[in-house]
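Beneath this line is the structure, given in structure tokens, with notes to follow.
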2 protein chains.
Amino acid sequence: MSKDLQVANLNQLQAAPAGLDGNSPGATAPMDPGSELDDLERRAWRAFLSRHARVARILEADLLAHNDLPLAEFDVLFQLAVADGHRLRMNELANRVLLSRAGITRLVDRLVADGLVARAKCDVDARGSYAVLTDRGRVRLDEARPGHLTAVKRYFVESFSRAELETLAELMERSIPAN
Amino acid sequence: MSKDLQVANLNQLQAAPAGLDGNSPGATAPMDPGSELDDLERRAWRAFLSRHARVARILEADLLAHNDLPLAEFDVLFQLAVADGHRLRMNELANRVLLSRAGITRLVDRLVADGLVARAKCDVDARGSYAVLTDRGRVRLDEARPGHLTAVKRYFVESFSRAELETLAELMERSIPAN
DNA sequence: GTATAGTAGTTGCATGAGCAAGGATTTGCA
DNA sequence: TGCAAATCCTTGCTCATGCAACTACTATAC
């Protein structure tokens, strides 16, 4: 019996010429896709989405398999590690990890439960609190980091030349219209 | 009392110079980020992640607010609409929507419950089944599409020139190393 | 033609995320 | 000073997703 690993799906993404797979051409014709997005625009948009989905899933699975650490938790540990005093306000953490505040609260809860992070009161603002990297958290991070960075290189960075990375960074950093 | 809309977080992402937000510089120094990823590599990678997270969340929220339709469901309706016979095998659908097969099963379940999609047996392969767009699904899609495409343009496409879109598409379409 | 391996789809389970709302505190402004 | 509005974080709720395992069926090999 095969392992039926469903991530394997992702490897077929680029092939799939459509119309194969045994589907008989139905009676109705395909709908006109609409003129709102032209081919190039749609191509770029889909490629962007697809690339992200695939890379993100590979990295997540990789980190989970090798270090039993979800990507989001790794990211929190990393952000704390590079932060001044190995600590960050919850809000700031949420921004850096690209998560909602509610999400960060729960995520830090888990890390605290595992002893990888501690909470600390904020004296400047009684509403606030810090997440602080513990020694165990640091160890855990150091164990996971090399493998993860290797994976990031393999599945993202190495697809591009230096100049392309520069271009990519510049394009992706462009500001997004507010509201 | 404010609405406390947490998506607002995302608007701060580009600012956040770190060290503000009332955190006092702790006793310990920031850790060396490690030499595994240099500045440019990290910049490109983070920008890519950040861009995706922000655009995806904006589009999701937008579609949900205006059409009460999650992005994934919209995507399924759309993929079915452009498909031959307005129908697709579950597997193929999973690939196109960038979801696992399990995910697609559940998603189609929901759409069937809402009457937007129907299932059909596959005569060529008794294991398979089709998801078929219903009339209601088609109507629903047509209602949602203009707004969504406008949003895609606004928050993604219009950030780039034609040449840049071409570059972006080319870069993102590059194959990802297997395994 | 039968056994074995592989594939299509679904389901159990666990997890993770977001929004909305709430409590506590701080800020702004009258 | 005092009160309304904004901010920080948390919690209740709901929902969506992935993996692993399972059933049913097909393809392959012998």
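A, B, ... follow the sequence lines: proteins, then strands. Residue 1 opens every chain. These values consider heavy atoms only, across backbone and side chains, with no hydrogens, waters or symmetry-generated copies.
Two end axes, each from the C1' atoms of five base pairs, can be drawn for the helix from C:dG1-D:dC30 to C:dA30-D:dT1; they diverge by 30°, to 10 degrees.
Put simply, CG on B:Leu93 is 12 Å from P on D:dT17, counting in whole angstrom units. Atom CZ in A:Arg101 sits roughly 13 Å away from atom C1' in C:dA24 (whole-Å rounding). If you measure from atom CZ of B:Arg127 to atom P of C:dG9, you get 8 Å, rounded to the nearest angstrom. Distance CG (A:Leu107) to C1' (C:dA17): 10 Å, rounded to an integer number of Å. Atom pair B:Ile104:CD1 and C:dT11:P shows a separation of 14 Å (rounding to whole Å applied). The distance from atom CG of A:Leu71 to atom C1' of C:dT15 is 15 Å, rounded to the nearest whole Å. Taking atom CZ of B:Arg106 as the reference point, atom C1' of C:dT10 lies 8 Å away to the nearest angstrom. Atom CG in A:Leu88 sits roughly 11 Å away from atom P in D:dC9 (whole-Å rounding).
Qualifying salt bridge (Lys or Arg N to Asp or Glu O under 4.0 Å) partners for A:Asp68, counting only residues two or more places apart in sequence or in other chains: none.
Between the side chains of A:Arg51 and A:Ser159, at least one donor N or O sits under 3.5 Å from an acceptor N or O.
Residue-level contact check: B:Arg110 touches the backbone only, with heavy atoms under 4.0 Å from sugar-phosphate atoms and none from bases. Within 4.0 Å of B:Thr105, counting heavy atoms only, lies at least one base atom of the nucleic acid.
Residue A:Arg57 has a polar side-chain atom (N or O) positioned under 4.0 Å from OP1 or OP2 of D:dG18. Side-chain N/O atoms of B:Arg89 include one lying less than 4.0 angstrom from OP1 or OP2 on C:dG9. Here B:Arg119 reaches the OP1 or OP2 of C:dT10: one of its side-chain N or O atoms lies under 4.0 Å away.
Proximity note for B:Glu73 (side chain, C-beta onward) versus D:dA16, C:dG18, C:dT10: the nearest is D:dA16. Each of D:dT11, C:dG18, D:dG18 was ranked by its minimum atom distance to the side chain of A:Leu99; first place goes to C:dG18. Comparing C:dA20, D:dC9, C:dG9 against the side chain of A:Asn91 picks out D:dC9 as the nearest. Distances from the side chain of B:Asp125 to the nucleotides C:dT10, D:dC25, D:dT17 place D:dC25 closest.
Note that CG of B:Asp62 and NE2 of B:His148 are 8.5 Å apart. Values are rounded to the nearest 0.5 Å. Taken to the nearest 0.5 Å, the CG atom of B:Leu165 stands 6.5 Å off from the CD atom of A:Glu41. Here the CD-CG distance, from B:Glu73 to B:Leu69, works out to 5.5 Å after rounding to the nearest 0.5 Å.
A donor-acceptor distance shorter than 3.5 angstrom exists from the side chain of A:Arg42 to the backbone of A:Leu37, with no hydrogens or angles considered.
Under the 4.0 Å criterion applied to side-chain N and carboxylate O atoms, B:Arg174 and B:Glu170 are assigned as salt-bridge partners.
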